[in-house]
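As the structure lists them, so they are numbered: ligands from 1, and atoms in each ligand from 1. Hydrogens, waters and symmetry mates are skipped; everything else that's a heavy atom, side chains included, is used. Model, not experiment: these values are computed from the prediction.
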Amino acid sequence: MVARVIAVDPFDLVVFGATGDLAQRKLLPGLFYRWQAGQMPPEARIVGVARRKLTDEMFRTLARDSIAAHVAPADRDATAEEGFISRLRYVAADADADGGWPELAAMLADAPDRIRVFYLATGPDLFGPICDRVAAHGLVSDKARVVVEKPIGKSLASAKAVNDAVGRSFPEDRIYRIDHYLGKETVQNLMALRFANALFEPVWNAAHIDHVQITVGETLGVEGRAGYYDTAGALRDMVQNHILQLLCLTAMEPPTSLSADAVRDEKLKVLKALVPIAAENTVRGQYRAGASAGGPVRGYLEELGDHDSHTETFVALKAEIANWRWAGVPFFLRSGKRLPSRVSEIVIAFRPIPHSVFDGTAGPINANTLVMRLQPDESVKLLLMVKDPGPGGMRLTEQALNMSFAEAFGVRNPDAYERLLMDVVRGNQTLFMRRDEVEAAWRWVDPILEAWAASGEAPKHYTAGTWGPSAAIALIERSGRTWHEDGV
Ligand code: BG6
């Protein structure tokens with residue numbers, strides 16, 4: 001099966017921070033895939049901007065290298081690659097100086113009516129200064145929009161400052177705040193599952209669901225990002241954005257349509273209904289040396305070279321949503337680095353049957369579980385009780401109705417950035433975070449950070465390659481539940 005491609009209108013995409021990690025690892029390879037698929041019109045231009053003095057040719061060499069490193073050889077067509085490379089330009093400019101900006105303005109002036117995207121693949125401290133210069137040079141045309149990446153602040157106050165700085169130059173309906181989890185295929189499948197099937201909605205509530213688990217596990221450590229990571233930690237890096245977005249899509253009321261504000265209004269209601277979380281319902285951990293991803297690995301403090309850091313590399317929370325649909329249903333959230341496997345999933349654990357008609361020989365009857373696996377191996381799995389085959393007594397066993405997307409569709413799963421970049425060009429904000437959502441998420445997260453800081457306690461240790469500190473297991477088991485393990 002071949003994925004359907006709908007071409008977008010001609011556009012100019014200006015990538016600030018074009019020589020940086022995000023641009024090289026995700027944006028250029030993602031754009032190349034879209035070009036090769038025929039989604040980008042031939043006149044589209046990608047203008048890299050960064051401080052380094054490079055020629056167009058030098059930037060093109062960087063882009064070739066990034067495609068070679070991040071696109072599988074079997075997915076690369078040499079003619080398409082040269083066509084794509086020919087659409088790249090480069091301008092050296094600095095957010096703090098005048099040089100380069102007139103050149104950028106002159107380049108864009110060739111196509112004043114074209115869709116114009118400014119992608120800020122830089123640190124958030126540069127968002128305001130770059131937007132100010134973009135505006136000062138008259139580049140905010142009617143069709144201009146800006147894309148920003150997390151971290152959007154480190155707290156509610158700093159998030160407001162970042163949002164204000166960008167908002168000086170761009171109105172809210174032209175600001176695209178990326179949370180790349182929203183571009184993942186299974187995350188959108190969550191909406192398809194909930195709202196394109198009549199089956200689930202009647203049972204999607206506290207009367208039928210016992211609890212929900214959201215796990216985003218990584219085997220990686222902090223790699224070359226210790227400088228950033230140590231000022232963030234798992235709560236800011238993963239929960240404030242990705243995990244809360246997954247929670248919102250799982251828990252929100254059905255929106256009236258998939259229009260950007262209809263969906264974002266519903267997500268916002270969930271964020272506002274989150275109950276302030278008590279310290280005993282939080283666990284934070286930090287990995288020590290162990291084994292992960294197939295070999296021995298150093299502990300976080302050794303990687304960092306600072307033995308005083310209290311930054312958490314693992315977090316587990318028991319969250320609650322105070323509304324009619326979810327009152328009394330705990331949402332267990334966890335995320336960490338250096339865990340045993342890279343697995344992200346949403347687990348909906350249904351309530352047990354009210355009464356068993358089977359006798360003791362049937363064996364235990366597990367409650368039904370729906371598992372939406374985001375990565376790896378995107379799938380939706382429903383665990384059901386069935387009869388163990390064969391003659392004899394009625395014995396029960398658990399089996400999975402398993403839909404693996406790779407097997408069902410046999411298409412390459414596009415990277416989240418491919419979809420999100422094209423959505424920006426199309427002007428579709430549904431999968432981007434609105435200002436009030438980001439701020440509501442911080443409003444819930446801030447008190448957790450404050451409570452941790454006030455306690456002065458260090459995070460609990462866990463050995464790299466394990467599922468976090470034992471306190472994370474105790475957190476869920478105290479309420480009589482257990483973390484989902486993939487058994488069938
Ligand atoms: C990023 C975090 O937002 O998401 C990283 O900053 C994390 O620390 C990454 O590794 C995980 O993304 P994915 O798509 O690999 O699950």
Side-chain angles (χ1 to χ4, degrees), residues 17 20-27 29-30 33 69-70 119-124 147-154 159 162 176-190 214-247 249 284-287 292-293 297 300 303-304 309 311-315 333-346 372-379 405 412-421 431-433 437-438 441-442 445 459 464 468:
D21 183 62
L22 177 70
Q24 298 291 319
R25 209 163 39 85
K26 292 288 184 183
L27 306 183
Y33 268 118
H70 301 288
Y119 198 118
L120 311 191
T122 65
V147 187
V148 292
E149 276 278 340
K150 70 175 250 283
I152 296 175
K154 291 187 63 187
V162 172
Y176 290 70
R177 294 182 191 82
I178 285 219
D179 182 313
H180 78 280
Y181 267 58
L182 293 180
K184 289 186 190 269
E185 198 67 12
T186 313
V187 175
Q188 288 155 70
N189 247 314
L190 176 55
I214 302 179
T215 294
V216 178
E218 297 183 88
T219 51
L220 292 178
V222 288
E223 315 306 310
R225 299 163 74 225
Y228 149 75
Y229 194 86
D230 199 55
T231 63
L235 187 67
R236 289 191 180 96
D237 188 49
M238 296 300 288
V239 177
Q240 188 274 342
N241 35 75
H242 307 324
I243 290 195
L244 285 185
Q245 287 293 320
L246 298 180
L247 176 140
L249 292 175
R284 58 190 181 130
Q286 195 184 64
Y287 60 83
S292 181
V297 293
Y300 177 72
E303 276 184 52
L304 189 67
S309 171
T311 299
E312 78 286 356
T313 58
F314 175 95
V315 61
L333 317 176
R334 66 176 170 167
S335 179
K337 304 264 182 209
R338 293 282 189 228
L339 300 188
S341 52
R342 177 174 185 253
V343 57
S344 301
E345 60 188 20
I346 302 171
M372 275 159 289
R373 167 78 61 108
L374 273 60
Q375 56 195 26
D377 315 326
E378 292 83 350
S379 62
F405 293 115
R412 180 188 71 90
N413 227 340
D415 186 75
Y417 280 93
E418 294 178 46
R419 171 189 319 278
L420 295 174
L421 282 161
L431 298 178
F432 297 83
M433 293 179 297
E437 275 182 86
V438 175
W442 279 119
V445 162

For atom 15 (O) of ligand 1, the closest protein heavy atom turns out to be Arg342 NH2, 3.3 Å
Item checked: Residue pair Val147 / Leu120, side-chain heavy-atom distance below 4.5 Å -> no
- Item | Sidechain N-carboxylate O distance under 4.0 Å for Glu437, Arg177 | no
If we number the atoms of ligand 1 from 1 as shown, the ones under 4.0 Å from a heavy atom of Glu218 are 7 (C), 10 (O), 11 (C)
So CG of Leu182 and CD1 of Ile178: to nearest 0.5 Å the spacing works out to 9.5 Å
Before signing off on this row, confirm whether Arg225 and ligand 1 have an N or O atom pair separated by under 3.5 Å. yes
Check: Taking atom types as modelled and ignoring hydrogens, do the side chains of Glu303 and Tyr229 form a donor-acceptor contact shorter than 3.5 angstrom?
Finding: no
Ligand 1 atoms nearer than 4.0 angstrom to some heavy atom of Lys337 are 5 (C), 7 (C), 8 (O), 10 (O)
Check: Asp237 N/O within less than 3.5 Å of ligand 1 N/O
yes
heavy-atom search around atom 12 (O) of ligand 1 in the protein gives His180 NE2, 3.1 Å
Nearest heavy atom to atom 14 (O) of ligand 1, choosing from Lys184, Gln375, Lys150, Glu149, belongs to Lys184
The answer for which part of Lys26 has a heavy atom under 4.0 Å from ligand 1 is neither
Note to self: Under 4.0 Å, counting heavy atoms only: does Tyr181 come that close to any atom of ligand 1?
What the structure shows: yes
(Q) Between Lys337 and Glu218 (salt bridge meaning N to carboxylate O under 4.0 Å), is one present in this structure? (A) yes
Exercise for review: Return the orientation label for the Tyr181 and His242 ring planes: parallel under 30°, perpendicular over 60°, tilted otherwise.
Suggested key: parallel
Which of Arg373, Glu378, Gln375 passes side-chain hydrogen bond (donor to acceptor under 3.5 Å, both in side chains) with Ser344? It is Gln375
